[in-house]
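This report refers to the structure that appears directly beneath it.
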Amino acid sequence: MFYTLLKKEMNELVSSHKLLIVPIVSIILMITYPISIKLLPTLLERELPKGATVDIPMPTAHEIMANVFLNFETMGVLILILISMGTISGERDKAIAPMVLVKPVGRNVYFLSKWFTYSLLASVSFLIGMTITSYYTNYLFEEKLIWEDIALGTLLYLPILLFVITLSIFFSSFVKNSVSGGLLAFVTYLVITKVPQYLHDSLRSISPYNLIQNANQVINGDSYEIMVPLFSTLCLISILLLLGTYVFRKQEI
Amino acid sequence: MIYCKDLVKTFQSSTAVKGINLDINQFGCFGFLGGNGAGKTTTLRMLAGLAKPTSGEIKVAGVDVVKEKDKIANLIGYLPQHPAFFEHMNGKQWMYWVGELFGLSKEVIAERTESLLKDCGIWEARNRKIGEYSGGMKQRLGLAQALINRPKVLILDEPVSALDPVGRYEVLQMISKLKRDMTIFMSSHILEDVEKVADHITVIDKGNILITSSLEELKNRYSYPIITFELLETNHKFLHILNNQEWIETVRINLNEYQVTVRELEIAKKQLPKLITNQNLTLINYRIETASLEDIYLRLVS
């Protein structure tokens, strides 16, 4: 059953070109930062009057990669929400959901097949983007990357992507309008990741934002604490999945 | 096959179904008649397990739709009023995908897909994207896919409303064949079509069932003869005279054409021409008919 639904979701990703668009957009979002940093001095020199000099300290390759994460965090998250926000609400809106759910299809399986598909798309796109960006950063800058740090930092960032997808599909399961669902998912993401940094230390330590920070620190080669934020983020994902499947089961289609 | 007891469905601001009762224990086609907003689609959605009743009991093929939701899908076929599909698929792919959802083997899916698409008249279009299908073709595909699991109960919501006359004829022929081996519960407001295939009729109005009966019994019980005649002149006083006759059940008027449902045909045959002559009116044409399902339905609803 799960495989049959997954097969349909994958075919849909191909026919809607999302399978091509999302990885390309991820690569563009990530790779533009190291390239623009590398080209910045050359571009500024052209603009300056003759004789004037500008001295910009060149960041290390690791600092560049850490910033790539931060850049991806806003635009990347928004794009992931945009591509996944209508996955359930859209099918309900177009009256396809009743055609499917009147068959022997468990609502949990239906929900999870969508979650799995978009999580896979987000993760693979991010991994492709990171691999290409790391390769070019390593090539463009003198100081070389420590690949173990990059790999660990990338892996630590994956739960954040899963969290974004889970939020988006959670709202899509009961908010009838896709755009409203997407907006709610984005606002909730901002609240959950940004607000705790202004709160007490204990709250900050369990926030998914702390996982992003720690992923950055791993890439920078600084000390890090991953267990608590990793555990809390995975807990949040599990709670949202349980709540989402429960709410979806209770919905009238 | 279909059993509902005191079935109620309430939405936030209104009650769509107000305690209906149904008990269908045999194969055949059961027409479910009602106007827009009468509660037909809501009832069918509850039978299919897509909507939860506010109260009451509902069983389809012996399975409690609310308590044993998982079992119901294998026993029914459901065609909504406006069937929708994944438009990137073609007709054949959709049938194969639905067959896989039912856990059928590839051989069975292939065999049933071919026969059902042929029966529904869309075999030629099987490799075309569903996005390119017309409304009628989608309705045919919707019927074909509702039958892939060989259901015991087939629930059809306005199955011929989007079809052209040829399509309607073909689908109704198909329903006539299918009803020998399953229970078909079919909603419609095209009474002429229901009359062609249904053995039993249930009429719903404003969430209440007005009558459940065999078509024959319904006609015997409610089918008064109808005399239709046309006059040259318009005479409002004449309408008043007709309404005061004891042997007349109802009078409907459209311009100068009168449709009179009569209780006693023999009396009417003698009296009506007299009334026309007495009023010095000119009769253009005159015919006696039997009431159609539409006439009975209008009478019941009014």
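Side chains are part of it too, since the values below use all heavy atoms of this structure and drop only hydrogens, waters and symmetry mates. Keep in mind it's a predicted model, so treat the numbers as computed, not measured. In the text below, chain A, chain B and the rest are named by the order of the sequence lines, each starting its count at 1.
- At a 4.5 Å heavy-atom cutoff, the contact between Lys69(B) and chain A is made by side-chain atoms alone.
- Among the residues in residues 161-183 of chain A, none has a non-hydrogen atom closer than 4.5 angstrom to a non-hydrogen atom of chain B.
- Contacts of Glu91(A) with chain B are made by side-chain atoms alone, with heavy-atom separations under 4.5 Å and no backbone atom involved.
- No more than 12 heavy atoms of other residues, nucleotides or ligands lie within 6.0 Å of CZ in Arg150(B), so this atom counts as exposed by the packing criterion.
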Donor-acceptor pairs are to be reported for all side-chain atoms of residues 8-19 of chain B against protein atoms at under 3.5 Å, with residues two or more places apart or in another chain.
residue, atom, partner, partner atom, Å
Lys9(B), NZ, Glu252(A), OE1, 3.3
Lys9(B), NZ, Glu252(A), OE2, 2.3
Lys9(B), NZ, Lys52(B), O, 2.6
Lys18(B), NZ, Lys206(B), O, 3.2

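- Counting non-hydrogen atoms of neighbouring residues, nucleotides and ligands closer than 6.0 angstrom, the CZ atom of Phe231(A) reaches no more than 12 such neighbours.
- Looking at Ile76(B), only its side chain comes within 4.5 Å of chain A, counting heavy atoms on both sides.
- Within the 4.5 angstrom heavy-atom criterion, only side-chain atoms of Arg107(A), from C-beta onward, approach chain B.
- The two residues Ala73(B) and Pro104(A) make their nearest non-hydrogen contact at CB-N, 3.4 Å.
- Taking chain B as the reference chain and counting heavy-atom pairs below 4.5 Å, the highest number among Ile96(A), Asn11(A), Ile253(A) is found for Ile96(A).
- Contact record, Pro98(A) with Leu50(B): CB-CD1, 3.8 Å, taken as the closest heavy-atom pair.
- Contact count versus chain A (heavy atoms, under 4.5 Å) is highest, among Gly103(B), Gly77(B), Ala48(B), Ala51(B), for Ala51(B).
- Taking a 6.0 Å sphere around NZ of Lys5(B), one finds it holds 12 or fewer heavy atoms contributed by other residues, nucleotides or ligands.
- Other residues, nucleotides and ligands place more than 12 heavy atoms under 6.0 Å from the CZ atom of Phe27(B).
- Using a 4.5 Å cut-off between heavy atoms, Val105(A) touches chain B through its side chain atoms alone.
- Residue contact with chain B, scored on non-hydrogen atoms closer than 4.5 Å, involves the side chain of Lys7(A) exclusively.
- In this structure, the portions of Thr4(A) lying under 4.5 Å from any heavy atom of chain B include both its backbone and its side chain.
- Summarising the geometry, atom CE belonging to Met89(B) is positioned 7.0 Å from atom NZ belonging to Lys8(A); distances are rounded to the nearest 0.5 Å.
- When the shell of 6.0 Å around NE2 of His82(B) is examined, it contains 12 or fewer heavy atoms from other residues, nucleotides or ligands.
- With a 4.5 angstrom heavy-atom cutoff, Lys94(A) touches chain B only via backbone atoms.
- Side-chain atoms of Met99(A) and Gln145(B), non-hydrogen and from C-beta on, do get closer than 4.5 Å to each other.
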